[in-house]
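Only this structure's heavy atoms are used, side chains among them; waters, hydrogens and symmetry mates stay out.
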Amino acid sequence: MLEDIKYLIPFIIAVLIVVLYLFFKRSLAVALILMTVIISSTWSIGLMAFLGINLTLVSTVIPVLLIAVGSAYGIHILSHYYDYLNEYQGEISVTEQKELVIKTVDKMGKAVFLAALTTVAGFGSLASSEIVPIKSFGIFTAIGIAAAFIVALFLIPSLLIIIADLKGN
């Protein structure tokens, strides 16, 4: 299992990087989305380790699943952000940049929240299973998805604003 994880996760991350770069054509977008999946996977698997819950054949899928599902939230936020940004011709001020970030979060926040909520509920429902590996898989996948949502909706916009401030100074 551990050998599979050593090769599978870097391969999936490499594929994600290539696909995101082909889609966005911006290194910042790739880095922000990658940060989302790395943080959510780290929190989920780290919490398992902290609580002394061993990796099972089922739970080895958690990081891969979080890469697939967790990246979607960041993709939605950044896709709309860059759509709004492309409407501007020429240089954009720091104030306009902040307004774009707020507009993006206002527009996409509810949709991303509802998507995350239904996914968390779906995986969280596995917590009622009598099979312990399935139960832990459901719980920690739900935690990881919730973490991906929090990072995508709060950290990504915050970093976009900080980057705009740094460029403005």
Side-chain angles (χ1 to χ4, degrees), residues 5-6 8-50 61-124 139-169:
I5 290 174
K6 284 181 189 175
L8 187 60
I9 291 176
F11 175 74
I12 291 171
I13 289 175
V15 169
L16 180 67
I17 289 169
V18 169
V19 170
L20 288 174
Y21 191 78
L22 290 173
F23 180 72
F24 284 107
K25 306 238 187 306
R26 299 171 191 256
S27 299
L28 178 62
V30 173
L32 291 174
I33 294 168
L34 201 57
M35 177 192 61
T36 301
V37 298
I38 289 172
I39 289 172
S40 64
S41 296
T42 302
W43 286 358
S44 183
I45 300 300
L47 185 60
M48 283 181 72
F50 179 74
V61 177
I62 293 173
V64 175
L65 192 61
L66 291 177
I67 289 169
V69 175
S71 63
Y73 305 137
I75 289 169
H76 285 302
I77 297 291
L78 288 171
S79 176
H80 279 56
Y81 168 75
Y82 285 121
D83 285 346
Y84 293 141
L85 188 62
N86 288 336
E87 292 173 5
Y88 282 85
Q89 302 297 326
E91 208 51 39
I92 183 170
S93 71
V94 174
T95 305
E96 290 171 326
Q97 183 96 1
K98 289 178 183 179
E99 289 172 0
L100 282 182
V101 171
I102 292 167
K103 180 180 176 182
T104 302
V105 172
D106 284 344
K107 175 88 172 162
M108 292 306 302
K110 186 176 181 181
V112 172
F113 170 73
L114 292 173
L117 181 65
T118 57
T119 309
V120 166
F123 283 106
I139 292 169
F140 291 101
T141 302
I143 289 169
I145 290 169
F149 162 72
I150 290 168
V151 171
L153 198 65
F154 295 106
L155 187 60
I156 289 177
S158 299
L159 290 174
L160 289 172
I161 289 173
I162 289 170
I163 291 167
D165 279 341
L166 292 175
K167 285 182 181 177
N169 290 335

* Asked: Looking only at heavy atoms, what is the nearest atom pair of Thr141 and Leu66, with distance?
  -> O-CD2, 3.9 Å
* Do Leu28 and Tyr82 have side-chain heavy atoms sitting under 4.5 Å apart? -> yes
* Atom of Ile62, atom of Ser44 and distance for their closest heavy-atom approach -> CG2-OG, 3.7 Å
* Under 3.5 Å donor-acceptor, Lys98 side chain and Thr95 backbone -> no
* Structure fact -> Closest non-hydrogen atoms of Ala142 and Gly124, given as atom of the first, atom of the second and distance, are CB-N, 4.0 Å
* Looking at side-chain heavy atoms only, is the closest gap between Ile39 and Ile150 below 4.5 Å? -> no
* Asked: From Leu117 CG over to Ile145 CD1, what is the distance, rounded to the nearest 0.5 angstrom?
  -> 11.5 Å
* To do: Side-chain contact test, heavy atoms from C-beta onward, threshold under 4.5 Å: evaluate it for Tyr73 versus Thr119 and give yes or no.
  => yes
* How many angstroms lie between CD1 in Ile162 and CG in Leu155, if you round to the nearest 0.5 Å? -> 8.0 Å
* To do: Check the pair Phe140 / Ile45 against side-chain contact (heavy atoms from CB on, under 4.5 Å), numbers first and verdict last.
  => CA-CA 7 Å; Phe140 291 101; Ile45 300 300; over 6 Å; no
* Asked: Got Pro157 and Thr104 here, is their nearest side-chain heavy-atom distance under 4.5 Å?
  -> no
* To do: Supply the atom-to-atom distance His80 NE2 to Asp106 CG, rounded to the nearest 0.5 angstrom.
  => 12.5 Å
* Asked: Arg26 and side chain to side chain contact (heavy atoms under 4.5 Å, CB included): which partner among Leu32, Leu85, Leu20?
  -> Leu85
* **Distance-minimising heavy-atom pair for Ala164 and Val94** => O-CG2, 3.5 Å
* Rounded to the nearest 0.5 Å, what's the gap from CD1 on Ile77 to CG on Leu153? Could you check? => 5.0 Å
* To do: Please tell me if the side chains of Asp165 and Gln97 come closer than 4.5 Å, counting only heavy atoms from C-beta onward.
  => no
* Within-4.5 Å side-chain heavy-atom neighbours: Glu87 and Tyr84 -> yes
* So how far is it from Ile38 CD1 to Ile67 CD1, rounded to the nearest 0.5 Å? -> 8.0 Å
* Where is the tightest heavy-atom contact between Ala148 and Gly70, given as atom of each residue plus distance? -> CB-CA, 3.7 Å
* Asked: Are the side chains of Leu160 and Tyr81 in touch, meaning some heavy atoms are under 4.5 Å apart?
  -> yes
* Looking only at non-hydrogen atoms, find the nearest pair between Ser71 and Ile33 and report the distance. => CB-CG2, 3.7 Å
* Should we count CZ of Phe11 as having more than 12 external heavy atoms under 6.0 Å? -> no
* To do: Check whether any side-chain heavy atom of His76 lies under 4.5 Å from a side-chain heavy atom of Ser79, and answer yes or no.
  => no
* To do: In sequence, state the C-alpha distance, the side-chain angles, and the governing distance for Ser40 and Phe149, and then conclude on side-chain contact (heavy atoms from CB on, under 4.5 Å).
  => CA-CA 9 Å; Ser40 64; Phe149 162 72; over 6 Å; no
* **Spacing of Leu78 atom CG and Phe24 atom CZ [to the nearest 0.5 Å]** => 5.0 Å
